Amino acid sequence: MTVTTIIIQSEPFDVARETDLLRGENLSIGAIVTFVGLVRDMNEGVTVQGLTLEHYPGMAEKAIKQIVREACRRWSVETVKVVHRVGKLQPSDPIVYVGVASQHRGDAFAACEFIMDFLKVQAPFWKKEKTRNQDRWLEARTSDQASLQKWLK
Amino acid sequence: MELTASGLSSVARLIADLQSHFPATTGFLDDQNMLIAVNQEIATPSTPIGSGDEVAFFPSVTGG
């Protein structure tokens, strides 16, 4: 039985603390893989001053839960935590944390990448980018859709 | 917004109804990249809907 926690918040998160919590008291855990997504200061050749992240409350949590459930069906994992931020963010701010703890590293590596790949295209979040000249809603990247192909074989 | 559900048997019917009552929505609702959710789960135009259902239309997502 995998312990799953999904949180959407405007506050920053502490990667070290989240990762300690992931391990908890579970001594069967032999591997932890974490992913942290950050705000870049450059996108498509334009300097980015900040991002505003919006989400569809209720559905965002549900969608991530569904993705984590599928990851747990495919791999043997002990604990999963996903933290996604919303609101106004600055370059270098952390946006998303995905932590996966498992008995062996292969499961944690694969599950973490799987969760992140599907979160990018299925979880209802939207980014508005602030540049010097304008604010613009970002378009989905075709490379994100392409990333799913490796899981569909 | 709240709509009267009579005759709105599917998402496709709802889209047609919205487009005829609110022409400004036509372009967005015809966009191939638009996503649909019914009761907060990804849906398609053929998904059945009824009274009390929550239907959302939104552009492709860009989180993470």
Side-chain angles (χ1 to χ4, degrees), chain A residues 6 8 35-40 43-44 51-67 69 82-87 89 94-98 112-129 136-145 147-148, chain B:
Chain A
I6 291 151
I8 295 169
F35 172 84
V36 179
L38 307 172
V39 180
R40 275 175 291 117
N43 189 26
E44 293 161 358
L51 284 183
T52 303
L53 265 139
E54 289 195 5
H55 74 304
Y56 179 0
M59 183 175 173
E61 292 89 339
K62 266 193 197 174
I64 298 172
K65 198 170 285 180
Q66 187 67 39
I67 294 164
R69 194 176 301 141
V82 179
V83 184
H84 202 301
R85 292 179 68 195
V86 291
L89 302 177
I95 303 173
V96 61
Y97 172 91
V98 178
C112 187
E113 187 176 15
F114 177 93
I115 291 167
M116 202 51 223
D117 280 354
F118 278 87
L119 187 152
K120 291 289 287 188
V121 299
Q122 290 187 349
F125 292 89
W126 300 275
K127 286 187 186 123
K128 189 189 223 174
E129 199 172 68
R136 57 175 182 177
W137 289 103
L138 294 188
E139 303 271 344
R141 289 170 190 273
T142 49
S143 61
D144 287 335
Q145 278 293 342
S147 294
L148 297 189
Chain B
M1 71 182 97
E2 296 213 4
L3 296 172
T4 307
S6 64
L8 297 178
S9 52
S10 69
V11 173
R13 287 287 303 275
L14 173 62
I15 289 175
D17 204 57
L18 284 170
Q19 287 176 327
S20 72
H21 284 92
F22 309 99
T25 64
T26 301
F28 175 68
L29 293 174
D30 280 340
D31 189 331
Q32 292 301 307
N33 294 318
M34 180 191 72
L35 296 172
I36 303 162
V38 174
N39 297 326
Q40 305 186 348
E41 293 197 12
I42 292 291
T44 66
S46 62
T47 302
I49 55 173
S51 190
D53 282 343
E54 175 180 321
V55 184
F57 301 103
F58 45 83
S60 52
V61 302
T62 54

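A, B, ... follow the sequence lines: proteins, then strands. Residue 1 opens every chain. Hydrogens, waters and symmetry mates play no part in the numbers below; they use all other heavy atoms, side chains included. Being a predicted model, the structure only gives us computed values, none of them experimental.
Crowding of B/E54 atom CD: a count of heavy atoms from other residues, nucleotides or ligands under 6.0 Å exceeding 12.
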**Message:** For a side chain to side chain contact (heavy atoms under 4.5 Å, CB included) check, start with the C-alpha distance between B/F58 and A/E54, then their side-chain angles and the critical distance, and finish with the verdict.
**Reply:** CA-CA 12 Å; B/F58 45 83; A/E54 289 195 5; over 6 Å; no

**Request:** May I have the step-by-step check of side chain to side chain contact (heavy atoms under 4.5 Å, CB included) for A/W126 and B/T62, ending in yes or no?
**Result:** CA-CA 5 Å; A/W126 300 275; B/T62 54; 4.1 Å; yes

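The contact between A/A123 and chain B is made entirely by backbone atoms, counting heavy-atom distances below 4.5 Å. In this structure, the portion of A/I95 lying under 4.5 Å from any heavy atom of chain B is its side chain and not its backbone. Only the backbone of B/N39 comes within contact range of chain A, judged by heavy atoms closer than 4.5 Å. When heavy atoms are compared at a cutoff of 4.5 Å, A/P94 does not approach chain B at all. With a 4.5 angstrom heavy-atom cutoff, A/Y56 touches chain B only via side-chain atoms. At a 4.5 Å heavy-atom cutoff, A/Q66 makes no contact with chain B through either its backbone or its side chain.
Considering CD1 of B/I42 and NZ of A/K62, their distance stands at 11.5 Å, rounded to 0.5 Å.
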